[in-house]
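Below is one structure, written out as structure tokens; comments come after it.
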Amino acid sequence: MKIIKNGTYISTPNKIRKAIEHFSVDDKLQAQNFTPYNWIEGEVTAIKTTGTCSQQYSINNKLSVENDLEFYVNREGSWSWKTAENLLVGDYLFTDHSKLEKIKQLSHLDTVLEGCILTSDSNFYAGGYLVKWVNEYY
């Protein structure tokens, strides 16, 4: 279901960050285009403000997400989309400041994660990291 923990900030095109639970359908999101390389505007296509799961990952103690949310990852010089459960300590994540941030702490937690399910027409930044959940329904 791709749950993101309540309180996680999502980046907007005007560089304001807003907690995920305060978004609604048609709100704008900061997204990333790679060909050509530039920021673009995405849009929330669906939001479910309550959801729980028991398979979560905590990344650098900054972001807690369900195991199947995808991240834009650089591993050994190659970029690809990887789910949270396939991330490794030492991978680099793309941030909303167009920088790379190394994964230094990665924890799998078998506890209940309460959060939101946000779908969009593009990738977006959650907790400062580029993620995606495009054209899927819960």
Side-chain angles (χ1 to χ4, degrees):
M1 290 179 60
K2 298 182 176 48
I3 294 170
I4 300 172
K5 185 178 180 180
N6 285 338
T8 299
Y9 66 82
I10 306 297
S11 300
T12 65
N14 57 6
K15 307 294 185 231
I16 294 176
R17 295 172 171 172
K18 188 164 85 169
I20 191 169
E21 63 268 23
H22 298 297
F23 276 85
S24 58
V25 172
D26 297 329
D27 278 352
K28 303 300 181 203
L29 304 165
Q30 179 182 335
Q32 188 70 48
N33 189 7
F34 294 103
T35 310
Y37 178 85
N38 63 338
W39 283 334
I40 58 174
E41 193 173 272
E43 189 172 279
V44 176
T45 56
I47 184 96
K48 184 176 179 184
T49 57
T50 57
T52 60
C53 73
S54 60
Q55 295 293 315
Q56 68 171 299
Y57 285 81
S58 174
I59 300 149
N60 289 339
N61 290 324
K62 291 173 56 176
L63 179 61
S64 292
V65 299
E66 191 167 5
N67 61 328
D68 57 354
L69 185 70
E70 293 182 68
F71 290 80
Y72 197 55
V73 176
N74 186 297
R75 182 179 294 163
E76 298 176 2
S78 178
W79 287 100
S80 62
W81 290 99
K82 297 198 180 294
T83 59
E85 66 187 350
N86 290 310
L87 296 176
L88 300 173
V89 169
D91 285 345
Y92 288 88
L93 302 179
F94 194 76
T95 73
D96 57 358
H97 291 98
S98 295
K99 302 218 184 262
L100 300 180
E101 185 174 312
K102 188 176 188 174
I103 298 177
K104 295 179 181 177
Q105 295 179 325
L106 182 63
S107 305
H108 175 253
L109 308 169
D110 284 325
T111 58
V112 173
L113 171 65
E114 294 182 10
C116 296
I117 304 164
L118 183 148
T119 60
S120 75
D121 62 355
S122 65
N123 54 49
F124 60 96
Y125 289 91
Y129 301 125
L130 187 61
V131 300
K132 76 173 180 175
W133 186 20
V134 181
N135 297 323
E136 293 187 32
Y137 301 95
Y138 49 84

Under the side chain to side chain contact (heavy atoms under 4.5 Å, CB included) test, residues paired with [X] that sit two or more places apart:
X: T49; result: I47, C116
X: T12; result: N14, I16, F23
X: D26; result: E43

So do [Y] and [X] actually touch side chain to side chain, heavy atoms under 4.5 Å?
X: N86; Y: F71; result: no
X: V65; Y: I3; result: no
X: N6; Y: E21; result: yes
X: I10; Y: R17; result: no
X: K132; Y: E70; result: yes

V73-I103 co-clustered via ILVMFWY side chain contacts under 4.5 Å: yes

Of all the heavy-atom pairs spanning [X] and [Y], show the shortest one and how long it is.
X: V25; Y: A46; answer: CG2-CA, 4.0 Å
X: G42; Y: S122; answer: CA-OG, 3.2 Å
X: D27; Y: K18; answer: OD2-NZ, 3.1 Å
X: L63; Y: A126; answer: CD2-O, 3.5 Å
X: N60; Y: K104; answer: OD1-N, 2.7 Å

Could you grab the distance from atom [atom1] of [X] to atom [atom2] of [Y], nearest 0.5 Å is fine?
X: L93; Y: L87; atom1: CG; atom2: CG; value: 6.0 Å
X: I40; Y: N33; atom1: CD1; atom2: CG; value: 5.0 Å
X: L118; Y: L29; atom1: CG; atom2: CG; value: 6.0 Å

[X]: what forms a side chain to side chain donor-acceptor pair (under 3.5 Å) with it, not counting sequence neighbours?
X: S11; result: D96
X: N61; result: Q105
X: N74; result: none
X: N67; result: E85

Set of salt bridge (charged side-chain N to carboxylate O under 4.0 Å, His left out) partners for E101, sequence neighbours left out: K62

Residues which pass salt bridge (charged side-chain N to carboxylate O under 4.0 Å, His left out) with K82, listed by chain and number, not counting sequence neighbours: none

May I ask you to decide if [Y]'s main-chain N or O and [X]'s side chain share a donor-acceptor pair within less than 3.5 Å?
X: Q30; Y: P13; answer: no
X: S78; Y: R75; answer: no
X: S107; Y: L109; answer: no

Donor-acceptor side-chain pairing of T45 and T119 below 3.5 angstrom: yes

Side-chain hydrophobic cluster, 4.5 Å single linkage: members besides Y125: F34, Y37, W39, Y72, W79, W81, Y92, F94, L100, L130

Verdict with supporting geometry, I59 and Y129, side-chain contact (heavy atoms from CB on, under 4.5 Å): CA-CA 10 Å; I59 300 149; Y129 301 125; 4.2 Å; yes

Intermediate values then yes/no, side-chain contact (heavy atoms from CB on, under 4.5 Å), L113 and S64: CA-CA 8 Å; L113 171 65; S64 292; 4.2 Å; yes

H108: ring pair (Phe, Tyr, Trp, His ring centres under 6.0 Å) partners, not counting sequence neighbours: Y57

Step-by-step side-chain contact (heavy atoms from CB on, under 4.5 Å) determination, L69 to T83: CA-CA 5 Å; L69 185 70; T83 59; over 6 Å; no

